[in-house]
Amino acid sequence: MRVGMPLTKFLLEEQRRLPHSTGNFTGLFSDLLVAAKIISREVNKAGLINILGEAGYSNVQGEEVQKLDEYAHSAIVKTMEHGGHLSGMASEENKGVIKIPDNYPRGGYLLLFDPLDGSSNIDVNISIGTIFSIIRKDSAGETEEKDFLKAGKEQVCAGYIIYGSSTMLVYTTGFGVHGFTLDPSVGEFLLSHENIRMPEKGKIYSINEGNTKNWFPGTQRYIEAVKENGYSARYVGSLVADFHRNLLKGGIFLYPSDRKNAEGKLRLLYEANPLAFIVEQAGGRASTGKERTLEIKPRKLHQRTSLIIGSRADVEEAEKFWREEKAAL
Ligand code: P6P
């Protein structure tokens, strides 16, 4: 029983299982943990900082109060850029590729992330999260946008940090899904959920029913069916919170394309793909309703996608309604 094991030790044990590993990935991940702890500290103070900020105060260091998602973005970039494990980064907060400064060493990985998804929920104390995806850089030379445009099935690692009643980090490298809870008193993420398995079928559906008037017929009919079957509606409006609950309890989350968002709202590379990798490793399923999310060939860095994700049986059931819709259209 490894519950309570520090994540740094868990990573080293995982590394030993991979005979050709160089320790580069473990170094990269350890740097990411530092950023996660820094963001967790600031998010947990956020309520106070935001209130002070609105009152025109600056924070205790006398700096202008930054928007927390900008703060989270900077914390990740500054923590990750000098470690020598990356050749570049991509962030929801940055239009283009984030280059590694010339005087810093480079490594064979690329990091994609949404630094603080759902940050509009901070002021009302709802859980928010950082979502990340790690891929290999295959080409030689300067890092360009095309290096990031890989299908989700090529991810090396995917994970998220959820800042809620506790701060948890959940990740996969293709050997199961594992959850770690931050113990602020020791500053360590400790193993709390080893080998998470998503219930085959749930009784929860998560969708913004405010969009009902824009839904395509397949969505309409599927939501009517789950209501008929007595599912409970749970929608936080924070992707990581909705996903995390469904991962542990079972259920389905849907942000499908509709008449208003033809491509869907959520971002493919640093929201849908990481969660899709995790959900499949936990026994669940993720698709657009018509195509497996991890198979999508990206065209651009901030591409949006339709996302139906959760318990395998629920997503398969939902896909039937989209297939019928396709036939009907
Ligand atoms: P809506 C938050 O802004 C976010 O990106 C996700 O965290 C969340 O699932 C979704 O948007 C909520 O969008 O349109 O329902 O407010």
Side-chain angles (χ1 to χ4, degrees), residues 36 39-40 43 46 50 67-73 76 90-95 112-133 152 158-164 167-170 202 204-216 219-220 222-223 226 232-249 251-279 284 286-289 293 301-311 314-315 318:
I39 297 167
S40 176
V43 166
N50 279 7
K67 270 168 56 71
L68 262 174
D69 34 15
E70 289 160 16
Y71 178 90
H73 167 84
I76 294 172
S91 165
E92 183 176 49
E93 294 292 321
N94 212 67
K95 188 172 181 309
L112 302 98
F113 59 95
D114 182 353
L116 209 56
D117 179 73
S119 52
S120 57
N121 290 306
I122 289 176
D123 300 350
V124 294
N125 215 2
I126 284 177
S127 301
I128 54 180
T130 298
I131 311 171
F132 61 89
S133 171
Y160 59 86
I161 300 106
I162 179 168
Y163 311 100
T167 293
M168 263 194 78
L169 183 146
V170 175
I204 289 171
Y205 75 98
S206 311
I207 192 167
N208 182 342
E209 303 213 38
N211 296 330
T212 301
K213 63 185 182 310
N214 301 322
W215 290 344
F216 290 127
T219 310
Q220 301 272 6
Y222 176 66
I223 298 303
V226 291
S232 295
R234 293 286 183 276
Y235 191 74
V236 180
S238 178
L239 174 60
V240 174
D242 279 315
F243 177 83
H244 185 68
R245 181 206 50 246
N246 290 356
L247 178 69
L248 298 182
K249 291 180 177 288
I252 185 168
F253 172 93
L254 307 96
Y255 211 112
S257 51
D258 60 25
R259 293 186 179 85
K260 199 171 88 180
N261 295 305
E263 280 204 342
K265 171 180 184 180
L266 301 176
R267 307 288 186 175
L268 173 62
L269 289 181
Y270 42 79
E271 290 177 341
N273 273 347
L275 298 185
F277 188 12
I278 290 171
V279 88
S287 78
T288 62
T293 299
L301 204 53
H302 301 289
Q303 179 171 328
R304 298 178 189 271
T305 187
S306 172
L307 181 63
I308 321 292
I309 187 168
S311 293
D314 288 308
V315 176

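Scope of the values below: all heavy atoms of this structure, side chains included, with no hydrogens, waters or symmetry mates. Treat the numbers as computed from the prediction; the structure is a model and nothing was measured. Atoms within a ligand are numbered from 1 in the order they appear, just like the ligands themselves. Note that the numbering runs from 1 along the sequence shown for the chain.
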Q) Hey, would you say the Y205 and Y235 ring centroids sit under 6.0 Å apart? A) no
**Q.** pair I207-P256: side-chain heavy atoms closer than 4.5 Å
**A.** yes
Q. Is a side-chain N or O of T293 found less than 3.5 angstrom from the main chain of N273, in a donor-acceptor match?
A. no
Q) Going by heavy atoms in the side chains, are V236 and S127 under 4.5 Å from each other? A) no
Q) Name the residues in contact with ligand 1, where contact means a heavy atom under 4.0 Å away: which are they? A) D117, G118, N208, Y235, G237, S238, L239, F253, Y255, K265
Q.
One pair to check against side chain to side chain contact (heavy atoms under 4.5 Å, CB included): T167 and I162. What are the steps and the verdict?
A. CA-CA 6 Å; T167 293; I162 179 168; over 6 Å; no
Q.
Taking the side chain as everything from C-beta on, heavy atoms only, tell me whether I252 gets closer than 4.5 Å to V315.
A. yes
